[in-house]
Amino acid sequence: MLKRGWRWEAEIESRQRYRGWLVRRICCVLAVGSWKVLTNTPGDLLERVCSNKRVQDVAASQACGCRGDSKFQQQCKEKVLGILAGIQAPLCLPMLRLCCWALLRFLSCLFFSVQLHRGQLDMVLRAVRRKPGVPLVFLSTHKSQLDGLLLSFLLFSQGLGVPRVTVGNLTCSPRLRALLGCLGAVFLPTRVEQALSDQDGELPVAVLASYVEEVLRSRQPLVVFLEEPSAPWHLSGPARAWLAPLYRAVRDGAVPDILLVPVGIAYDRTPDRFCRDGAEPSAQPLGLRACLWAACRALCRCFGCARVDLAQPFSLQEFVAKSLICQSSMGKPLEELLPTILGMLSSQPDYSRADGPEHRMTTSSEAEEEMMVTKLGLHALSDAIACSAVTAVGITSALLLHKHRKCVRLSQLMADFAWLLEETLLRQHDVSFSGQLRALVLHSLAMLRAHLTLYHLAPLGDVLVVVKDSAETQWELSCHSTQIVPIFASEAVGACAIRALLLELLPFVGEAPCPSSITFSEDELHHKILTLLQLLPPSLLGLKPCQPLDCQSQDILDKLTLCGLLEAEEEGERYLCDVSSRRCRTPHWTNLDFSDSDTDSDDNHCKRCFRICEPKDSPGFLLFFCHLLSPVLATYVRAVAFLEQHSWPQPEAMCARALQQFLAEENGLEHPMWSLVLSTLQSFKNIGVLKERPSPSGPLLHLTQPFCSSEGRRKLRAFLEQFMQL
């Protein structure tokens, strides 16, 4: 059961027939020297960028239309040269091969193994052969600042060429920037994200777009990181800035198509980041000396195993075409949750399509481009998260955080580890480990030893694992256990919806009844599930952003039935409190038959209802799923108090930093998870608690009128707490 799929370890030494020290080193040098650099930046890159029509138009508009003046052309060329030098540098092949050799030695000391799925690599190579001449772009998750070097090394060693790797918000010193540029790193020009509001930023954006087109034409692989290490599951600003030129290149016909490959990266323990998890980058640029010192410190520690996964490549041209078809068939916009939160009666909402900024009706080309870029980024991020392998440390952390919060015996932890591993594999997710069960659990505990205390129980021959009671321990376990959330996101949402329905019944039944004696109608369950799906961002749950909410709700209900948490019944003798009416009585794609009727007519189809069950082989299944979303929902509840203590309106960046500081003071953490801060603000904007309005100094966040009063905030808090397992 533990050996699933092929495992390919990037350890060249293990392939050699001889084991002599000198022979191994010579073979390593010869192997690195034999790797081929398939393509490089064209020598006349500057002339090509300067002759680009968009670059010339922007430069002419800034020079009052003096297009034919020789002095203007020289000034334009100097400006473009300065911007281009800040974006990229020519590859230095001797330095590249030397660094690859050093990186091979460094990775072998840092990790037990670096794994790349051989079958996934062959899948990408076959896709490249089927579409010759089409450029290749890798869209990757981002767990550590080491990811760029790791991906560049793996792609180069596997014959895919030297990729151009994008650098996000990391501020580098000139020396480090020059070194990374020689190795293939590319940087965003300054003011590129303020181009829409700053005229001076239009030329850097035009130069960046022209440069990306030339990289694609030369068929150099490009690696774009979709998120920042400090904010997983959120499409970053730099990612949008890099995805926009890719979309425009296909739209304008600069390249016929682009082959996009989502990439997932997983570590047993994430290597130390160069900057702590927080909102603001360091004021001091990262220097070469600081990198060398961080590398030396990392060599004194062990980070377990690293795993890189490649998802199914897809065509950007086909994605855009399908997205436009879906956009043309959109229904009415979703009703906001405000009436539900405030306890007001409202008409039946329309859940026939997905929610999100990519589904809003737009008219201008700029808004359409922004919508398509966001949609592309979220789709690729969802695929990259879904293909990421689960580590043993992630499974153990989830069990210690959500099931055994204080202590557990090693034998019980091993049994639960095997159970959760089996459930993960049943959901067609890969894992990054193999071996004996006891060895895997002990390896995970060794990776988490700073936050655990182990006691040997001599009479029983067992080990007692005690979780340290500290905020840092909870933060560390929460970071590792996020690997599990996308796998069980549907079950977690369904479990929280069941918990909310049980809470509503308590005032009417007098005392807590046995859950198995309660039956809920399909409509009740759908209503609560849809409410929670509207509240939480799809990227936070790892769900497809383009899938309609009613399809997601039906999928969640079917998964709860298949895993044994719900048992289907026909509406009969039991009393049901049906709070809503379903628009789609029977989904056409489900294979489950809950009716004894011989006809397919909706009129003869019995209403479905479900009874809560507890699988015999999985005790505590429901509570475990409820706990998975507790860190997110608890952050939302704490943010309600933040709404009262801070003045409004204020810019979103300032509001995010203030919320992070507020959570830090309440939780006792120096730096709370930045991703939870961003998720909270995004959800509050989606449900109408906060509104973004323009102002002369930039967009400002306003607290809407219903939540300016303490009564409105009390209702919001009660609405959020109904889904929490305390």
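If you're wondering where the values come from, they're calculated on a predicted model, not measured in any experiment.
- Under a 4.0 Å N-O distance rule, the pair Lys528/Glu504 qualifies as a salt bridge.
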(message) Set out, in order, the CA-CA distance, both residues' side-chain angles and the distance that settles side-chain contact (heavy atoms from CB on, under 4.5 Å) for Phe610 and Leu560, then state yes or no.
(response) CA-CA 10 Å; Phe610 299 88; Leu560 291 176; over 6 Å; no
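- Looking only at side-chain heavy atoms (C-beta outward), Leu663 and Leu676 stay at 4.5 Å or farther from each other.
- Taking the six-membered ring wherever Trp is involved, the centroid distance between the rings of Trp648 and Phe707 does not fall below 6.0 Å.
- With Arg693 contributing its side chain and Leu701 its backbone, the two residues share no donor-acceptor pair below 3.5 Å.
- No side-chain heavy atom of Leu565 sits less than 4.5 Å from a side-chain heavy atom of Ile612.
- Across Ala639 and Leu659, no two heavy atoms sit closer than the pair CB-CD1, 4.1 Å.
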(request) Determine, step by step, whether Gln554 and Asp558 satisfy the side-chain hydrogen bond (donor to acceptor under 3.5 Å, both in side chains) criterion, reporting the C-alpha distance in whole Å, the side-chain angles of both residues, the deciding distance to 0.1 Å, and the verdict. (result) CA-CA 6 Å; Gln554 186 61 56; Asp558 290 341; 3.2 Å; yes
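- Counting only heavy atoms from C-beta outward, the side chains of Asp555 and Ser490 approach each other to under 4.5 Å.
- When atom types are taken as modelled, the side chain of Arg713 and the backbone of Ala641 share no donor-acceptor pair closer than 3.5 angstrom.
- Using a 4.0 Å cut-off between charged side-chain N and carboxylate O, Lys559 and Glu491 make no salt bridge.
- Closest approach of Ala489 and Leu541 over heavy atoms only: CB-O, 3.0 Å.
- Side-chain atoms of Glu227 come within 3.5 Å of backbone N or O of His142 as a donor-acceptor pair.
- Judged by distance alone, with hydrogens and angles left aside, the side-chain atoms of Thr473 form no donor-acceptor pair with the main-chain N or O of Asp469 at under 3.5 Å.
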(request) Take His402 and Ile484 through the test side-chain contact (heavy atoms from CB on, under 4.5 Å) and record every step on the way to the result. (result) CA-CA 11 Å; His402 300 299; Ile484 302 296; over 6 Å; no
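- Contact check for Arg405 versus Gln474: side-chain heavy atoms found under the 4.5 Å cut-off.
- The two atoms that bring Lys691 and Gly688 nearest to each other are CE-CA, 4.3 Å, heavy atoms only.
- Proximity of Phe719 to Thr531: side-chain heavy atoms (C-beta onward) are separated by under 4.5 Å at one or more points.
- Interatomic distance, Ile385 CD1 to Leu226 CG, rounded to the nearest 0.5 Å: 9.0 Å.
- Residues Cys387 and Gly264 share a closest heavy-atom pair of SG-N, 3.7 Å.
- Atoms CG and CE, on Leu700 and Met654 in that order, are 9.0 Å from each other to the nearest 0.5 Å.
- Taking 4.0 Å as the cut-off between side-chain N and carboxylate O, Arg427 and Glu423 count as a salt-bridged pair.
- Checking side-chain atoms of Ser539 against main-chain N and O of Trp233 turns up a donor-acceptor pair under 3.5 Å.
- Side-chain N/O atoms of Ser679 and His234 include a donor and acceptor closer than 3.5 Å.
- For the atom pair CD (Glu524) and SG (Cys609), the distance works out to 10.0 Å, reported to the nearest 0.5 Å.
- A pairwise comparison of heavy atoms in Leu633 and Phe723 identifies CD1-O, 3.6 Å as the closest pair.
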(request) In sequence, state the C-alpha distance, the side-chain angles, and the governing distance for Ser388 and Gln483, and then conclude on side-chain contact (heavy atoms from CB on, under 4.5 Å). (result) CA-CA 8 Å; Ser388 298; Gln483 304 174 32; over 6 Å; no
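- Of the inter-residue distances, the one linking Leu720 atom CG with Arg638 atom CZ reads 12.5 Å to the nearest 0.5 angstrom.
- For the pair Ser683 (side chain) and Thr680 (backbone), a donor-acceptor distance under 3.5 Å is absent.
- Distance alone, capped at 3.5 Å, is enough to place a donor-acceptor pair between the Thr704 side chain and the Val689 backbone.
- Between the side chain of Thr635 and the backbone N or O of Pro631 there is at least one donor-acceptor pair closer than 3.5 Å.
- With a 4.5 Å cut-off on side-chain heavy atoms, Gln534 and Asn686 do not count as touching.
- Rounded to the nearest 0.5 Å, atoms CG (Leu477) and OG1 (Thr482) are 11.0 Å apart.
- In the displayed structure, Gln705 atom CD is contacted under 6.0 Å by at most 12 heavy atoms of other residues, nucleotides or ligands.
- By the 4.0 Å N-to-carboxylate-O rule, Arg717 lies close enough to Glu721 to be salt-bridged with it.
- Counting heavy atoms from C-beta on, the side chains of Tyr636 and Leu535 come closer than 4.5 Å.
- Residues Ala231 and Ser675 approach most closely at CA-CB, 3.9 Å, considering heavy atoms.
- Under the 4.5 Å side-chain criterion, counting only non-hydrogen atoms from C-beta, Leu566 is in contact with Ile498.
- Ring geometry for His379 against Phe314 counts as perpendicular: the plane angle is over 60°, on a 0 to 90° scale with 30° as the lower cut.
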(request) Show the numbers, then the answer: is there a side-chain contact (heavy atoms from CB on, under 4.5 Å) between Val632 and Val485? (result) CA-CA 11 Å; Val632 180; Val485 175; over 6 Å; no
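- In this structure, the separation between CZ on Phe621 and CG on Leu420 is 8.0 Å, given to the nearest 0.5 Å.
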